[in-house]
Amino acid sequence: MSDRKSLQTTLIHSDYKAPEGFGAFPAPIHHASTVLFKNVAAMRSRNWQDKSAYTYGLHGTPTTFTLEARLAEIEGGTHCLLAPSGLAAISMVDLGLLKSGDDVLLPDNVYNPNRELGRWLTQDFGITARFYDPLIGAGIGELLQPNTRLVWTEAPGSVSMEVPDIPAICKAVRARRESGQDIHVAIDNTWSAGIAFRAFDHGVDIVMQALTKYQSGGSDVLMGAVVTRDAALIHRIEMAHMRLGYGVGADDAYLVLRGLPSMKLRFDAHDAAARKIAAWLKSRPEIERVLHPAFEDCPGHETWKRDFTGAGGLFSIVFDERYAEAQTDAFVDALRLFKIGFSWGGANSLCVPYRIQGMRRGWNGTGQLVRLNIGLEEPDDLIADIEQALQVMKAQ
Ligand SMILES: *Cc1c(COP(=O)(O)O)cnc(C)c1O
């Protein structure tokens, strides 16, 4: 081959190399499916599992490894794996640790798609998913069977916001493990962002985060993560990650990396605003209960006080039962700053009505439930918005 390349080849193989030594704060965004090897020996010797080298875009790039390392640090763990959504992270844990014949326990107030996944595992995969009272505490011990491999927890639970006694659940599971059973506790720690609840310090084995929420903070990316302090455990989950092909895009990973420096400041602002608004709602005659872990109305409030150092911006309210669904729907429709939509953790306040009576076993009360996500707007403006919407509701 002559030294002169055709234009077509030159378009692909350029001789230019940018100068070395570029320094900047943001982590570089590495886009790649193919990763290059210097020679065959390098290709044959590389191991994708220990993250000491690169093999293929799906198995990680400097951008995704950097995000994984930073998330492990935040959560107080040692190993992390990314997944393309929070729900994908949940499924990666299940498929990494469960097989046909196994049993998994889920709280009755678990994030609903996780419940749906449990039902699917039961129906089609020969696994049993059983649901427990989220306030069961040490009583979980009586539900553990010899084939129980995984106990999911969520703190607080979705929508109804009960705060579970995680240390008590972990203690019962650890006792089983010490007698030789392969069994672990996983937590969906999304509400606290790993900031307000240090899950590993309370005995949890596996932490799952929906990075879609506070880590990103932008309402513009879907991603999830699993963190452990145990190399053998993450290896099992990593096999599921690899077999399922759960890659994440470099630009998305960058968006999450970009959110991290401001995450705690944002979280603290969501927390302060949510508590201010929750306290105002508590004083309103239209509201029967404020289901925010920092308030006594919330089941598990004492546990929250003992184990948590803060609260997220997400909580629920139960209206006095004299207001019918059509009226509370009118309240939601009348809100101007609060928009109607799922998810949370971004700058915008959101609101979703739930038909809670059909969602929870043994739910007491007939008042309508509405979940609020407090964004980063001025809290007094949000209170004024709620106040005008309450007037619209009462005029119905
Ligand atoms: C949003 C959320 C998830 C799932 O995250 P996605 O990225 O939307 O899949 C899981 N658990 C909880 C508690 C969540 O709020």
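Reckoned from all heavy atoms, side chains included, excluding hydrogens, waters and symmetry mates.
- Partners of Q215 by side chain to side chain donor-acceptor pair (under 3.5 Å), not counting sequence neighbours, listed by chain and number: Q209.
- Sorted by first and then second residue, the salt bridge (charged side-chain N to carboxylate O under 4.0 Å, His left out) pairs involving residues 201-217 (not counting sequence neighbours) are R177-D205, D201-R229.
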* To do: Carefully, step by step, assess F331 and F319 under the rule ring pair (Phe, Tyr, Trp, His ring centres under 6.0 Å).
  => CA-CA 11 Å; F331 163 80; F319 281 83; 5.2 Å; yes
* To do: Take F197 and H202 through the ring pair (Phe, Tyr, Trp, His ring centres under 6.0 Å) test and state the conclusion after the steps.
  => CA-CA 9 Å; F197 184 68; H202 292 95; 4.6 Å; yes
For residues 366-373, please give each side-chain donor-acceptor pair under 3.5 Å, one per line with the distance, not counting sequence neighbours.
{"unit_1": "T366", "atom_1": "OG1", "unit_2": "E321", "atom_2": "OE1", "d": "2.7"}
{"unit_1": "N373", "atom_1": "ND2", "unit_2": "N348", "atom_2": "O", "d": "3.1"}

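- W344 pairs by the ring-ring contact (aromatic ring centres under 6.0 Å, His included) definition with Y214, not counting sequence neighbours.
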* Asked: Checking side-chain contact (heavy atoms from CB on, under 4.5 Å) for the pair R46/V35: CA distance, chi angles, key distance, verdict?
  -> CA-CA 11 Å; R46 272 191 211 173; V35 170; 4.3 Å; yes
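- Here salt bridge (charged side-chain N to carboxylate O under 4.0 Å, His left out) pairs that include residues 339-359, with residues two or more places apart or in two chains, are E325-R355.
- A donor atom on one side chain and an acceptor atom on the other are not found under 3.5 Å apart for D94 and S91.
- D124 is linked by a salt bridge (charged side-chain N to carboxylate O under 4.0 Å, His left out) to nothing, counting only residues two or more places apart in sequence or in another chain.
- Within the structure, ring pair (Phe, Tyr, Trp, His ring centres under 6.0 Å) contacts touching residues 124-176 (residues at least two apart or in different chains) are W120-F125.
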What side-chain donor-acceptor pairs closer than 3.5 Å can you find for residues 107-119, not counting sequence neighbours?
{"unit_1": "D108", "atom_1": "OD2", "unit_2": "R361", "atom_2": "N", "d": "3.3"}
{"unit_1": "N109", "atom_1": "ND2", "unit_2": "E162", "atom_2": "OE1", "d": "2.8"}
{"unit_1": "N112", "atom_1": "OD1", "unit_2": "R115", "atom_2": "NE", "d": "3.4"}
{"unit_1": "R115", "atom_1": "NH2", "unit_2": "D108", "atom_2": "O", "d": "2.2"}
{"unit_1": "E116", "atom_1": "OE1", "unit_2": "R119", "atom_2": "NH1", "d": "3.1"}

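- The salt bridge (charged side-chain N to carboxylate O under 4.0 Å, His left out) test applied to D268 returns K264, not counting sequence neighbours.
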Return a table of donor-acceptor pairs under 3.5 angstrom between the side chains of residues 13-20 and protein atoms on other chains or two or more places apart.
{"unit_1": "S14", "atom_1": "OG", "unit_2": "Y16", "atom_2": "N", "d": "3.1"}
{"unit_1": "D15", "atom_1": "OD1", "unit_2": "K5", "atom_2": "NZ", "d": "3.3"}

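- Within a 6.0 Å sphere centred on CZ of R44, heavy atoms belonging to other residues, nucleotides or ligands number 12 at most.
- Among residues two or more places apart in sequence or in another chain, the side chain to side chain donor-acceptor pair (under 3.5 Å) test is passed with R198 by none.
- There is a side-chain donor-acceptor pair under 3.5 Å between H31 and D251.
- Among residues at least two apart or in separate chains, ring pair (Phe, Tyr, Trp, His ring centres under 6.0 Å) pairs with a member in residues 275-294 are H292-F295, H292-F315.
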